[in-house]
Amino acid sequence: MSDYELDELVVAALAREFPDDTVAFNGAVSFVPVCALMLARATHSPNLVWVAGSIAVDPQPTEIPESTLVSTLWDGATMLQSSVADFWAYAQSGRLNSFCFRGAQMDAHGNVNNTVIGAYDEPKIRLPGGGGMADLGCLVPRIYLWSTTHDTRTFVERLDFRSGLGWGDGGDHRERLGLSGGPVACVTNLAVLDFHPESRRMRLRSVHPGVSVEDVVAATGFELVIEGDVPETPAPSAEEVQLIRTLDPTGARRREFAAAR
Amino acid sequence: MSDYELDELVVAALAREFPDDTVAFNGAVSFVPVCALMLARATHSPNLVWVAGSIAVDPQPTEIPESTLVSTLWDGATMLQSSVADFWAYAQSGRLNSFCFRGAQMDAHGNVNNTVIGAYDEPKIRLPGGGGMADLGCLVPRIYLWSTTHDTRTFVERLDFRSGLGWGDGGDHRERLGLSGGPVACVTNLAVLDFHPESRRMRLRSVHPGVSVEDVVAATGFELVIEGDVPETPAPSAEEVQLIRTLDPTGARRREFAAAR
Amino acid sequence: MPAHEDKRVGLADAAALVPAGSTLALGGLSLNCSPMAFCRELVRAGVRDLELVAVVNGMGTDWLVGGGCVRRLLMGLTSFEGFGLAPNFRRAAQTKAIEVEEWSEHTLICALQAATAGVPYMPTRAGLGTDMLALHPHRTWEVVDERSGQRFVACGALQPDVAVVHVHEADRRGNARMHPKLVWFDTELVKAAKTVIVTAERIVETDSFRAAPEATAFPSFAVDHVVEAPRGAWPTACWPEYGYDGDFYRAYQQAARDRDAFAAFFAEHVGPLATGAPA
Amino acid sequence: MPAHEDKRVGLADAAALVPAGSTLALGGLSLNCSPMAFCRELVRAGVRDLELVAVVNGMGTDWLVGGGCVRRLLMGLTSFEGFGLAPNFRRAAQTKAIEVEEWSEHTLICALQAATAGVPYMPTRAGLGTDMLALHPHRTWEVVDERSGQRFVACGALQPDVAVVHVHEADRRGNARMHPKLVWFDTELVKAAKTVIVTAERIVETDSFRAAPEATAFPSFAVDHVVEAPRGAWPTACWPEYGYDGDFYRAYQQAARDRDAFAAFFAEHVGPLATGAPA
C-alpha cells in the first residue's frame with residue numbers, strides 16, 4: 001500500500017456503504033464509523049445525516065477525540081438532542097435508520113459479542129458490555145459491522161454471548177421475531193462482506209489489495225459464502241485519502257487498529 | 001356577605017385545603033383552583049409548588065387570563081417544562097401530588113363527569129371531555145374537587161359518564177384497582193365536603209355563611225354523610241380577600257360563577 | 001444531486017398530503033399554537049372522512065368539524081376554555097354528524113408512544129375504573145399482569161398517517177424550533193406519525209440552528225415537509241410573538257348563535273361550513 | 001416555617017443517604033458528567049453492598065467497584081472508551097468479586113420508566129433474540145401479545161432507592177440545570193428514583209432560574225438534596241466548563257498495571273482500594 005494506509009482503506013470502504021438517505025448515529029469507541037460517516041457525507045452522500053453520540057445532529061467537528069460520545073464531536077450541530085426518550089423514539093420508529101457495530105466476536109449471521117469471552121458466569125475476559133447493541137440490533141433497520149481484527153478469534157462459529165442481534169439464526173429468524181432489516185455489510189481489515197439474501201450467512205464481496213480469498217477464509221472461523229470470482233476492494237481515491245486525513249487530523253481512526261489484540 | 005364575595009369565600013376555602021407540601025398543577029378552565037393555589041402559597045403554605053398549565057413551575061403571574069393553559073400564567077416561572085413525557089412521569093411517580101377537578105356532574109364518591117349529559121351515544125349535551133381527568137384521577141394521590149353549581153343537576157346519584165375516577169364505587173375500590181390516594185375534599189358554592197374514611201362517601205364538613213345544612217341536603221342529589229353538628233365555613237380574612245383581589249385583579253375566578261348553568 | 005434536500009412545499013400542496021380517510025394528528029395545546037392555517041386549507045380543499053387525533057384542542061378541531069372534514073374524532077378535551085364550548089364540535093357530536101371517540105390525554109399519548117416504539121401497546125394506570133375504556137375496547141383494554149397481579153390499561157398502538165405542528169422557525173431541511181422550546185404533545189405526534197408536516201412562522205437558514213443547537217425542537221430527519229405560514233397559528237397563540245386572538249374567539253361564539261350568520265362568518269374566516277355539521 | 005425549604009447538604013451527609021444495600025443509579029454518559037465527587041465520598045465512607053445501576057459509565061463505576069462498594073452492577077456499557085477497559089470492573093467481574101447483570105441501554109431505561117409509571121413492565125422490541133434476556137428472567141422476559149401475536153420484551157419495573165446526577169447549577173430549592181441542557185439518561189434516573197441527589201458545580205439564586213426558565217433541567221420538586229461540588233464531575237467532563245481529564249485516565253491505566261502502585265494511586269485520588277476487588 002503506497003498512497004494510503006490500511007485504516008484509510010477500511011474507512012473508505014465502509015463509507016461507500018452509506019447511501020444518501022442514511023440517518024446514522026454512533027455509539028462509544030466508534031472511531032472508524034465516525035470517520036466513514038463524515039467521509040460519505042463529504043463525498044457521495046451529501047444528504048446523509050450523522051448524529052454524533054446520539055446527541056448532536058449533523059455536527060461539523062474539526063477532530064475526533066478519545067471518545068466518540070463527547071462534546072468535541074458536537075461542534076456545529078443543528079441540534080443537541082437532550083432527551084434520551086426522543087432519541088430512542090426515533091431509533092424505534094426507523095427515522096434513525098443506520099448504526100455500526102463492532103464486537104470482540106462475530107458469527108456467520110452477523111450477531112455480535114461484546115460482553116464476555118468464556119462463559120458468562122466464569123468469564124475469561126470481561127468485555128465492556130453490549131451497550132445499546134441488544135437494542136439497536138433489533139430496532140435499527142440497517143446495521144453495518146466493522147472489524148479491525150479479522151481473525152479466527154473474532155470471526156467465530158459460535159459466539160460466547162450474543163450481545164447484539166444480527167440475522168439471528170439466519171434465514172427468516174428476524175421476521176419471525178417481528179423485526180425488520182438486519183446487517184447490511186461487514187467491513188474488515190481484510191475484506192468487505194455482505195449477507196446471502198436467503199441464508200443470511202456472511203458472503204465475501206471483495207478482498208482488500210494484497211489479500212487473497214484464501215487469506216480471508218483462513219482468518220474466518222466459520223464457512224463463508226463465496227460466489228464466483230471475488231473482486232478486489234477498490235482502493236480509496238486520492239480525494240478520499242485527503243478528506244480522511246482532513247476530517248480526522250489526529251488519526252483517531254488508528255486507535256482501533258492499535259487496539260487489535 | 002359584606003366584606004367579601006362568594007367567589008372569594010370559595011377560593012379561600014379551597015386554598016385552606018392545600019398543605020405546605022403540595023405540588024399541584026392545573027388543567028384547563030381552572031380559574032378557582034389557580035386562584036386558590038396562589039392564595040395558599042401567599043399565606044399558610046409558602047413551600048407549595050404550583051405548576052401552571054402543567055408547564056410553568058412556580059410562576060408569579062400578575063393576572064389570570066381567559067385560559068388557565070396559556071403563557072400569561074407562566075411569567076416568572078423557574079422552569080418551562082417542555083416535555084409532556086417528563087410531566088406525566090412526575091404525575092405518575094407522585095412528585096406532582098395534587099390536582100383539582102370540576103365536573104358537570106359529581107357523585108357521592110367524588111367521581112366526575114365532564115363528557116356527556118345523556119347517553120354517550122345519544123348525548124343531550126356534549127361536554128368538552130374529560131381531558132386528563134381519566135388519567136389524573138388514577139395517578140395523582142390528592143384530588144380536590146370544586147363546584148360553583150351545587151345543585152341536584154351537578155351532584156347526582158348516578159353519573160351519565162364516569163370521566164374521572166374519585167373513590168370509584170367507594171370503600172376499598174381504589175385499593176382493589178391498585179391505586180393510592182383519592183379525593184380529599186370538595187369545595188362548592190354552598191359548603192365544604194370531605195369523604196368518610198371507610199365508605200368514602202361525601203360528608204358535609206361545613207356550610208358557608210347563610211347556608212343551612214338543609215339547603216345543602218336539598219341541593220345534593222345523593223345522600224350526604226352528616227355527623228353531629230356541622231360548623232360554618234370560616235369567612236375569608238380581610239388579608240385573604242385583599243390577596244385574592246391582588247392575585248386575580250381582573251376577576252377571572254368569577255367566570256366560573258357566571259358560567260353556572 | 002442537490003446539496004441538501006429541500007422540504008419546502010406550499011400550503012395547498014401540503015394539504016394535499018392529507019387524503020380523505022387519513023388519520024391526522026393536530027398539534028397545539030388548547031389556545032396555544034395549533035397549525036390553524038393548515039386547518040383552514042384543509043377546509044377549503046374540502047377534505048373528507050378524516051380520523052382526527054386532537055389531544056387538547058379547540059378551534060382547530062372546530063374548524064375541521066365545521067368544514068365537514070371529520071368522520072371520527074379521537075380527543076381528550078375540546079374546548080375554547082374561558083370562551084366557552086366549541087360550537088361545531090358540540091352540535092356535530094349531539095347530531096351524530098361525527099363519531100366522537102373520547103380518550104384522555106395520557107392514554108392517547110401512550111397509544112402514540114406504542115406506535116412509535118413498535119410495540120402492541122403501552123401500559124398505564126391511567127383510565128382504570130372509568131367509563132372511557134369501554135368506549136374503544138379494541139384500542140384500550142384492561143390487563144392483569146400475570147406475575148404481579150397488578151392491573152393496568154393497555155393502550156393499543158395508534159399511528160397517525162400525518163402529524164401537523166406549528167413552530168416559530170424551520171429551515172428547508174426540516175429543522176424546527178419554538179422560542180422557548182415548548183413542544184408538549186407536539187413531540188409525541190411528530191415521533192409517532194408516518195408523515196410529519198411542520199408549518200412555520202418563517203423559514204430561516206440552517207446556520208441559525210447551528211448557532212443555537214440546544215433550542216432545536218425537531219431534527220431535520222423527523223420532518224418530511226416544511227410550509228412557510230406567517231401567523232399560521234392564528235387565532236391561537238404563537239407565544240411570545242403573538243397571543244391568542246380573544247376578539248376572534250368572542251366574535252366566533254357570537255356568530256355561532258345564529259346559523260346563517262355563522263355560515264357567513266365561517267366562510268369569511270375559514271371556508272365553507274358543511275351542512276352535515278350545522279352551527 | 002421557613003420561607004423556602006433549603007435542600008442543601010454537605011457531601012458527607014449526602015453520601016450517608018446511601019446506606020449499605022441500596023440500589024444506586026449513577027448519572028453521566030461515558031466520559032461525560034458523572035457525579036464523581038459523590039462516588040469518591042462513597043468510597044471513603046466505605047459504603048458496601050450497593051446494587052449499582054450505571055447505564056453507560058466508566059470511571060464512576062470503576063471507583064465504586066474498586067472501593068468495594070458494589071455487590072451487583074446493572075449496566076449497559078462500562079468502558080473508558082479510547083482509554084481502554086475499566087480495570088477494577090474487569091478484574092472484579094473476572095474474579096466474581098461482584099455480580100454483573102448485563103442489560104442494555106434501552107432495556108434499562110424501559111425498566112426505570114416502568115417504575116416511574118407505576119406499571120409492572122414496559123414493553124420494547126429491544127433485546128429480542130439476544131442472550132441478555134436469559135441473564136435476568138425475573139426482570140426481563142419475552143411476551144407474545146395475545147391480540148396481535150407480536151413478540152416483545154417486558155422490562156420489569158426497576159426503582160432505584162437513590163439517583164445521583166451532576167449539573168452545572170442548582171439552587172437551594174432543588175432547581176437544577178446544565179448549559180446546554182444535555183440530560184440524556186439522567187432525566188430517566190431522576191424521574192424513577194425514590195430519592196434524588198443533585199451535585200452541582202455551584203449553588204445559584206432561584207432568580208437566575210426565573211431569568212431563563214427554559215434552561216432548567218430538573219424542577220425543584222423532583223430533587224430532594226442539593227450538594228455543592230465544584231469540579232464534582234472530574235475527571236469526567238462537565239462540558240463546556242471543563243473537558244474530561246485525559247491525563248488522569250492515562251495515569252490511572254498506567255498505575256493499574258501494577259497492583260501495589262495502583263493501590264497507592266487509588267488511595268491518593270479516590271480512597272482505599274478494597275481487597276475484594278484487586279486492581
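Below, all heavy atoms of this structure are taken into account, side chains as well, without hydrogens, waters or symmetry copies. Residue numbers start from 1 in every chain, and the chains themselves are labelled A, B, ... in the order their sequence lines are given, proteins ahead of strands. Just so it is clear, the structure is predicted and the values come from calculations on it, not from any experiment.
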Mind checking the OG-CD1 spacing from Ser83(A) to Ile55(A)? Nearest 0.5 Å is all I need.
-> 11.0 Å
Measure the shortest side-chain to side-chain distance between Gln94(D) and Glu122(A) over non-hydrogen atoms and say whether it is less than 4.5 angstrom.
-> no
So, the part of Thr78(D) with a heavy atom under 4.5 Å from chain A: the answer is both
Given a strict heavy-atom distance threshold of 4.5 Å, which part of Val56(D) is in contact with chain A: side chain, backbone, both, or neither?
-> side chain
Checking heavy atoms, do the side chain of Leu136(A), its backbone, both or neither come under 4.5 Å from chain D?
-> neither
dist Cys110(D):SG -> Trp88(A):CH2 (nearest 0.5 Å) comes out at 8.5 Å
In terms of heavy-atom pairs under 4.5 Å with chain D, the winner among Pro128(A), Ala252(A), Gly164(A), Ala91(A) is Pro128(A)
Give me the contact list for residues 128-143 of chain D versus chain A, heavy atoms only, anything under 4.5 Å, ordered by residue number.
-> Leu128(D), Gly129(D), Thr130(D), Asp131(D), Met132(D), Leu135(D)
How many angstroms lie between atom CG of Asn189(A) and atom CH2 of Trp146(A), to the nearest 0.5 angstrom?
-> 13.0 Å
Most chain D-contacting option - heavy-atom pairs closer than 4.5 Å, from Leu165(A), Leu179(A), Leu69(A) | Leu69(A)
Applying a strict 4.5 Å limit to non-hydrogen atoms, the region of Thr68(A) in contact with chain D is both
Where on Lys181(D) is there a heavy atom nearer than 4.5 Å to chain A: the side chain, the backbone, both, or neither?
-> both
Answer with side chain, backbone, both or neither: which region of Ala237(D) has an atom nearer than 4.5 Å to a non-hydrogen atom of chain A?
-> neither
Considering all heavy atoms of both residues, which atom of Gly170(A) and which atom of Arg200(A) are nearest to each other, and what is their separation?
-> CA-CB, 4.1 Å
Answer yes when Glu81(D) and Arg255(A) have at least one side-chain N-carboxylate O distance shorter than 4.0 Å, and no when they do not.
-> no
Looking at Phe99(A), does the NZ or CZ of Arg142(A) lie under 6.0 angstrom from its six-membered ring centre and within 45 degrees of the ring axis?
-> no
Of the backbone (N, CA, C, O) and the side chain (C-beta and beyond), which part of Tyr244(D) lies under 4.5 Å from a heavy atom of chain A, both, or neither?
-> side chain
Do Glu8(A) and Arg253(A) sit within salt-bridge range, that is, some charged N less than 4.0 Å from a carboxylate O?
-> yes
Any ion pair linking Arg254(A) and Glu5(A) (charged N to carboxylate O, less than 4.0 Å)?
-> no
With a 4.5 angstrom heavy-atom cut-off, could you sort out which part of Val153(D) is near chain A: side chain, backbone, both or neither?
-> neither
Within 6.0 angstrom of Arg250(D) CZ, more than 12 heavy atoms from elsewhere = yes
side-chain hydrogen bond (donor to acceptor under 3.5 Å, both in side chains) partner of Glu201(D), the single match among His168(D), His166(D), Arg231(D) = His166(D)
So Leu182(D) and Leu80(A), side chain to side chain contact (heavy atoms under 4.5 Å, CB included) or not? Walk me through it.
-> CA-CA 7 Å; Leu182(D) 282 172; Leu80(A) 293 178; 4.0 Å; yes
Beyond-backbone contact of Thr154(A) with Gln105(A), side-chain heavy atoms, under 4.5 angstrom = no
For Ile109(D), is it the side chain, the backbone, both or neither that has a heavy atom under 4.5 Å from a heavy atom of chain A?
-> side chain
Output field: ring centroids Phe25(A)/Tyr90(A) closer than 6.0 Å = no
Ranked by heavy-atom pairs below 4.5 Å to chain D, first place among Ser71(A), Gly27(A), Pro123(A) goes to Ser71(A)
Greatest number of heavy atom pairs closer than 4.5 Å to chain D - which of Lys124(A), Arg174(A), Arg126(A) = Arg126(A)
Checking Asp121(A) against chain D: side chain, backbone, both or neither under 4.5 Å from a heavy atom?
-> backbone
Could you tell me whether the side chain of Arg102(A) reaches within less than 4.5 Å of the side chain of Glu256(A), counting heavy atoms only?
-> yes
Proximal component of Ser54(A), with respect to chain D [non-hydrogen, under 4.5 Å] = both
Identify which part of Arg176(A) has an atom lying under 4.5 Å from any heavy atom of chain D, answering side chain, backbone, both or neither.
-> backbone
Centroid separation Phe80(D) to Tyr252(D) less than 6.0 Å = yes
Thinking salt bridges, do Arg162(A) and Asp169(A) make one under a 4.0 Å N-O criterion?
-> yes
Which one, Arg125(D), Gln150(D), Glu188(D), leads in non-hydrogen pairs under 4.5 Å with chain A?
-> Arg125(D)
Looking only at Ser30(A), Ser67(A), Gly53(A), Gly178(A), the option with the highest number of non-hydrogen pairs under 4.5 Å against chain D is Ser67(A)
Residue Phe161(A) versus chain D: region with a heavy atom under 4.5 Å | both
Among Phe185(D), Phe89(D), Tyr249(D), residue most engaged with chain A (heavy-atom pairs, under 4.5 Å) | Phe89(D)
Region of Glu102(D) in contact with chain A, defined by heavy-atom distances below 4.5 Å | both
Considering only heavy atoms, which portion of Thr115(A) lies under 4.5 Å from any heavy atom of chain D: side chain, backbone, both, or neither?
-> both
